[in-house]
Amino acid sequence: MRFTKMHGLGNDYVYLNCFEVPFPRDPADLARRMSDRHFGIGSDGLILICPSDSGADARMRMYNADGSEAEMCGNGLRCVAKYVYDHGIRRAPSLTIQTGRGNLTVDLEVRDGKVARVRVNMGQPILEPERIPTLLPGRPPIDVPLDVGGQTLKATAVSMGNPHCVIFVEKATDELVLGLGPQIERDRAFPARVNVEFVERISPHEVRQRTWERGSGETLACGTGASAVCVAGVLSGRTQRRIVNHLRGGDLELEWREEDNCVYMTGPATEVFWGEWPDEP
């Protein structure tokens, strides 16, 4: 079974082309085995590129390294778009990809016949607490005190198709990310668990982000998280609608547009290598 390893700013996944190989019998188990960085290929999870049942050019199904299925992944979506174009599934300057939050439009920046960067319309942020979902108060919850690990943090909850808890801090330290991140992920305020972003504000147009990702641990980048940070920065009055977000794996450009209420994310997508997985799917 052929696989392709790709990453968006170091947020790496194993990709299977389900236009050519059967959909795995047990994708959760396959994700756990493939993602293992010692006994498998090594990745933040498994993404399946499938035919769409909603009229899109392709469908993305994403499984975290622990086998849990996630609704959406911005870095993964950029890589799916690159794969669809570069591997000839659909060669067009704009594509539509079916995700857990509906069909999303991507615009491709092509260099020498290959996709180098992708702009994704991430859709409108979800701010109603029952849809995020979160038990934090507020519609939306903005800078709500959250007690965890003996500390009180100010949390803003946003969903970009998957739930995020955005916390602005003076310094995104290991103590916060690795110590409190997993506790917040499973805090009772987030019934579906949550992705956690610790964010340093550099200026109204620039931030730095570290992410504890639900089901995967700390990742080098998180596209939906960066989009949630863009929204949370505007809601809390810390940033403007257009920002550059410095993640551990590189930079993303974000814009939360007033005219359509959608968040646009622009960044690279990289194919690393391909190989053959010896087991049956």
Is a salt bridge present between E71 and R214, judged by a nitrogen-to-oxygen distance below 4.0 Å? yes
R242/E206 salt bridge by N-O under 4.0 Å criterion: no
Is it the case that atom CD in E175 sees more than 12 heavy atoms from other parts of the structure closer than 6.0 Å? no
I'd like to know whether F19 forms a side chain to side chain contact (heavy atoms under 4.5 Å, CB included) with C50, so could you lay out the CA-CA distance, the side-chain angles of the two residues, the decisive distance to 0.1 Å, and finally the verdict. CA-CA 6 Å; F19 284 83; C50 309; 5.6 Å; no
Check whether N261 reaches the backbone of Q124 with its side chain - one donor and one acceptor, N or O, closer than 3.5 Å. no
Between S35 (side chain only) and G42 (backbone N and O only), is there a donor and an acceptor less than 3.5 Å apart? no
Are more than 12 heavy atoms from other residues, nucleotides or ligands located less than 6.0 Å from atom CD of E130? yes
Ignoring hydrogens, what is the shortest heavy-atom contact between T96 and A56? Give both atom names and the distance. O-CB, 3.3 Å
If we ignore hydrogens and angles and just use 3.5 Å, is the side chain of R61 paired with the main-chain N or O of L48 as donor and acceptor? no
In terms of heavy-atom contacts, does CZ of F273 have more than 12 from other residues, nucleotides or ligands at under 6.0 Å? yes
Any cation-pi pair here, R257 with Y264, using under 6.0 Å and within 45°? yes
Tell me, with the steps shown, if E253 and R119 meet salt bridge (charged side-chain N to carboxylate O under 4.0 Å, His left out). CA-CA 9 Å; E253 300 169 13; R119 185 183 71 178; over 6 Å; no
Pairwise distance OG1(T173) to CD(E200) - rounded to 0.5 angstrom: 9.0 Å
In sequence, state the C-alpha distance, the side-chain angles, and the governing distance for L9 and L252, and then conclude on side chain to side chain contact (heavy atoms under 4.5 Å, CB included). CA-CA 9 Å; L9 299 179; L252 287 175; 3.5 Å; yes
Any side-chain heavy atom of M6 within less than 4.5 Å of one from T270? no
Check: V118 and D107 side chains under 4.5 Å, non-hydrogen atoms: no
Supply the atom-to-atom distance L127 CG to I132 CD1, rounded to the nearest 0.5 angstrom. 6.5 Å
Rounded to the nearest 0.5 Å, how far apart are CG of D147 and OG1 of T152? 3.5 Å
List in chain and number order the residues that pass side-chain contact (heavy atoms from CB on, under 4.5 Å) with K114, two or more places apart in sequence or in another chain; answer none if no residue qualifies. K82, D86
Which heavy atom in G67 sits nearest to a heavy atom in A28, and how many Å separate them? O-CB, 3.2 Å
Assess, by modelled atom type and distance only, whether the side chains of S43 and D12 contain a donor and an acceptor separated by less than 3.5 Å. no
Give a yes or no on whether the backbone of A232 and the side-chain of S236 come within a donor-acceptor separation of less than 3.5 Å. yes
Using a strict cut-off of less than 4.0 Å between a Lys/Arg side-chain nitrogen and an Asp/Glu carboxylate oxygen, indicate whether E255 and R241 qualify as a salt bridge. no
Does any donor atom in the side chain of S54 or N103 lie under 3.5 Å from an acceptor atom in the other side chain? yes
Atom CH2 in W256, atom SG in C230: separation rounded to 0.5 Å? 8.0 Å
Heavy-atom side-chain contact between L30 and R25 under 4.5 Å: no
Does a donor on one side chain sit under 3.5 Å from an acceptor on the other, for D44 and T219? no
Measuring only between side-chain heavy atoms, which start at C-beta, is N11 closer than 4.5 Å to L220? no
Salt bridge D143-K154, side-chain N to carboxylate O under 4.0 Å: no
Within the 4.5 Å heavy-atom criterion, are V229 and V199 side-chain neighbours or not? yes
Using links of under 4.5 Å between side-chain heavy atoms of ILVMFWY residues, direct or through other members, which residues join F198 in one cluster? L136, V144, L146, V148, L153, I167, V169, L176, V177, L178, L180, I184, F190, V194, V196, W212
Indicate whether any N or O donor in one side chain lies under 3.5 Å from an N or O acceptor in the other, for R101 and T99. no
Pairing residues for D112 by the salt bridge (charged side-chain N to carboxylate O under 4.0 Å, His left out) criterion, not counting sequence neighbours: none
Do you know which two heavy atoms are closest between A269 and R78, and how far apart they sit? CB-O, 3.7 Å
If we ignore hydrogens and angles and just use 3.5 Å, is the side chain of Q98 paired with the main-chain N or O of D53 as donor and acceptor? yes
With rounding to the nearest 0.5 angstrom, report the OG1 to CG distance, T211 to N75. 9.0 Å
Lys/Arg N to Asp/Glu carboxylate O, R210 vs D174, below 4.0 Å: yes
Determine, for F168 and R201, whether the Lys NZ or Arg CZ falls below 6.0 Å from the six-membered ring centre while staying within 45 degrees of the axis. no
Side chain proximity check, P140 to L235, heavy atoms < 4.5 angstrom: yes
Should E271 and H87 be marked as a side-chain hydrogen bond (donor to acceptor under 3.5 Å, both in side chains) after you check the CA-CA gap, both sets of side-chain angles, and the distance that decides it? CA-CA 11 Å; E271 182 172 325; H87 290 261; 3.0 Å; yes
Under 4.5 Å between any side-chain heavy atoms of V244 and D251, yes or no? yes
Contacts of D66 that satisfy salt bridge (charged side-chain N to carboxylate O under 4.0 Å, His left out) - sequence neighbours left out: R193
Less than 4.0 Å between a side-chain N and a carboxylate O, is that true for D26 and R33? no
Nearest heavy atoms of N121 and L104, plus distance in Å: O-CD2, 3.5 Å
Parallel, tilted or perpendicular: which fits the ring planes of Y13 and Y15, with parallel below 30° and perpendicular above 60°? perpendicular
Looking only at heavy atoms, what is the nearest atom pair of I243 and P204, with distance? CG2-O, 3.8 Å
Is there a side-chain contact between V80 and I47 (heavy atoms, below 4.5 Å)? yes
What distance do E109 atom CD and R117 atom CZ have between them, rounded to the nearest 0.5 Å? 5.0 Å
Over all heavy atoms of both residues, which pair between A157 and T134 is shortest? Give the atoms and the distance, please. CB-CG2, 3.9 Å
Does the side chain of Q209 pick up a donor-acceptor pair with the side chain of H246 at under 3.5 Å? no
Evaluate whether atom CD of E276 has more than 12 neighbouring non-hydrogen atoms of other residues, nucleotides or ligands under 6.0 angstrom away. yes
For residues 155-166, the side-chain hydrogen bond (donor to acceptor under 3.5 Å, both in side chains) pairs (sequence neighbours left out) are N162-H164, N162-T224, H164-E197, H164-T224
Can you list everything that forms a side-chain hydrogen bond (donor to acceptor under 3.5 Å, both in side chains) with Q183? Sequence neighbours excluded, please. none
